[in-house]
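Data first, discussion second: the structure below is written as structure tokens.
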Amino acid sequence: MELIVWEWVNFLVRWLHVVTAIAWIGSSFYFIHLDASLRKREGLPPGVAGEAWQVHGGGFYHMAKYMVAPAELPEKLTWFKWESYATWLSGFCLLAVLYYHGANLFLVDPAVLDIPWWGAILISLGALGLGWHVYDRMCKSPLGKDDVKLAAAGFVFLVLVAWGLSHVFSGRAAMLHVGALIGTIMSANVFRLIIPNQRKAVAAMLRGETPDPALGKQAKQRSLHNNYLTLPVVFLMISNHYPLAFGTRYSWLIVAIVLVVGAVIRHFFNSRHAGKPTPWWTWGVAAVGMVAMVALSTLGPKDGSDTAATPPNPNFARADFAQVEEVVTSRCSMCHAATPVWEGIGEAPRGVRLDSPEDIRRHAGQIRAWAVLSNAMPPGNVTQITPEERRLLAAWTDQLPR
Ligand code: HEC
């Protein structure tokens, strides 16, 4: 019963998280586009930097942007903040349900670092809190005066975090935590800076003063960061379904590349929407980055078993399939069976059953992706599969028709 409840909590919280994230990213993309499409013309009201006409849902919208604030505040103002807060809150719940409740399977990998589950959870919380503070300090330091230098420093910082976490958590948790840190930074930007600054501007107006334009400038910088981080954060959040991304030796480099690829793709759309010359080069950079990610992922898992580099073994066809079956039975089928015997696993995970020769053969491709080309399975290597056994699976899956 408990298992069923956890499974549904996982599913429903994930549903919520995806929906809130769509709402947040959707409104963010909308406003970035709106901002970029504003045009100046003669005769705009004082304080208006530009206007845009839009058509949607059977009506016409006439938008005008007041740079600092309108001379008179309207009675009703719509604030955009709950999309962001709800995304973070639901994301944190999902992190807790999956990675804290299931820490021994998904957070800790003793082959990476043998730490108790509670230590791993503390490191996770620490990384999110500390990571935000380092970033925030960086923005407020003299570095923050130069957008390009700040972006370069932020990039180096995130890559260091990715590299560091890959030496602490399982590959899967390491990659997800870089995403969680970026999500935390983005949400905290809204909560700690963008909204408070806007409130200060409104308060100044109500006092009859002109709001300090520095407030808006600061918020704009954070908003720009959020814009360029949107695509990488989504990649990192869905990475845990793709073992070649998170479970291979250079996963931290894949993080570095996706930060660049995501940012240049965003740049393409930002420039286009603003009516600037279209930077077609961004697709060249993105393509090179994607090829590099694929190439890096073929270099095999981290545990030195070099399974990906194992040359095909022509004699294997004659070798006994019984050996493969034995490895899978002793390392996988305690979970991947009709009735798993592993505590906390209620049914064959993701419907993958590996408890009969036919089932093992049927899933050869998946076994190759999850346990040969990457070390995503067994999770945290809880059943202690050896590099030799992985090589055996490699030799077997290698000689199968693909
Ligand atoms: C301790 C239990 C456990 C063991 C042992 C285990 N797995 Fe898994 N496996 C899981 C869980 C849990 C998932 C679901 C992961 C997720 O939610 O993304 C999973 C997912 C998978 C998937 C992914 C299916 C998909 O497409 O999403 C494959 C393939 C797989 N395991 C293969 C293996 C192989 C091969 C072994 C042995 C080398 C193995 N597993 C050992 C628990 C286990």
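Computed from heavy atoms alone, side chains included, the values below leave out hydrogens, waters and symmetry copies. Remember, it's 1-based here, ligands and their atoms both numbered in the order they're listed. Just so we're clear, the structure is a prediction, and the values are computed from it rather than from any experiment.
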Any heavy atom of Arg172 closer to ligand 1 than 4.0 angstrom?
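It does; at least one heavy atom falls under 4.0 Å.
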When you measure from the side chain of Thr87 to the backbone of Thr20, do you find a donor-acceptor pair of N or O atoms at a distance under 3.5 Å?
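Yes: the side chain of Thr87 pairs with the backbone of Thr20.
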Determine yes or no for a side-chain-to-main-chain donor-acceptor pair under 3.5 angstrom, with Arg172 supplying the side chain and Pro243 the backbone.
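It does not hold such a pair.
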Measure up the Trp281 and His267 rings against each other and bin them: parallel (under 30°), tilted (30 to 60°), perpendicular (over 60°).
tilted
Please write down residue, atom name and distance for the protein heavy atom closest to atom 26 (O) of ligand 1.
Gln366 NE2, 3.0 Å
How far is atom 5 (C) of ligand 1 from its nearest protein heavy atom, and which residue and atom name does that atom have?
Arg331 O, 3.3 Å
Please report how many protein N/O/S atoms lie under 2.8 Å from atom 8 (Fe) of ligand 1.
2
Near Val382, which atoms of ligand 1 are under 4.0 Å from a heavy atom of that residue?
1 (C)
Find all atoms of ligand 1 within a distance of less than 4.0 Å from any non-hydrogen atom belonging to Phe106, and give their numbers and elements.
12 (C)
Any Val261 side-chain heavy atom under 4.5 Å of Leu231 side chain
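The answer is no; the side chains never approach within 4.5 Å.
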Do Tyr85 and Ile195 have side-chain heavy atoms sitting under 4.5 Å apart?
yes
Salt bridge (Lys or Arg N to Asp or Glu O under 4.0 Å) with Lys81: which residues, sequence neighbours excluded?
none
Please name all residues satisfying salt bridge (Lys or Arg N to Asp or Glu O under 4.0 Å) with Arg353, sequence neighbours left out, ordered by chain then number.
Asp355
Ring centre gap for Trp280 and Phe268 strictly below 6.0 Å
yes
Contact partition for Tyr242 relative to ligand 1, non-hydrogen atoms under 4.0 Å
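None of Tyr242 does.
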One residue to check: Leu105. Relative to ligand 1, which of side chain, backbone, both or neither has a non-hydrogen atom less than 4.0 Å away?
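Within the 4.0 Å criterion, Leu105 contacts ligand 1 through side-chain atoms alone.
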Applying side chain to side chain contact (heavy atoms under 4.5 Å, CB included), can you list everything that pairs with Pro349, at least two apart in sequence or on another chain?
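Once residues adjacent in sequence are excluded, the partners of Pro349 under the side chain to side chain contact (heavy atoms under 4.5 Å, CB included) criterion are Cys335, His336, Ile345.
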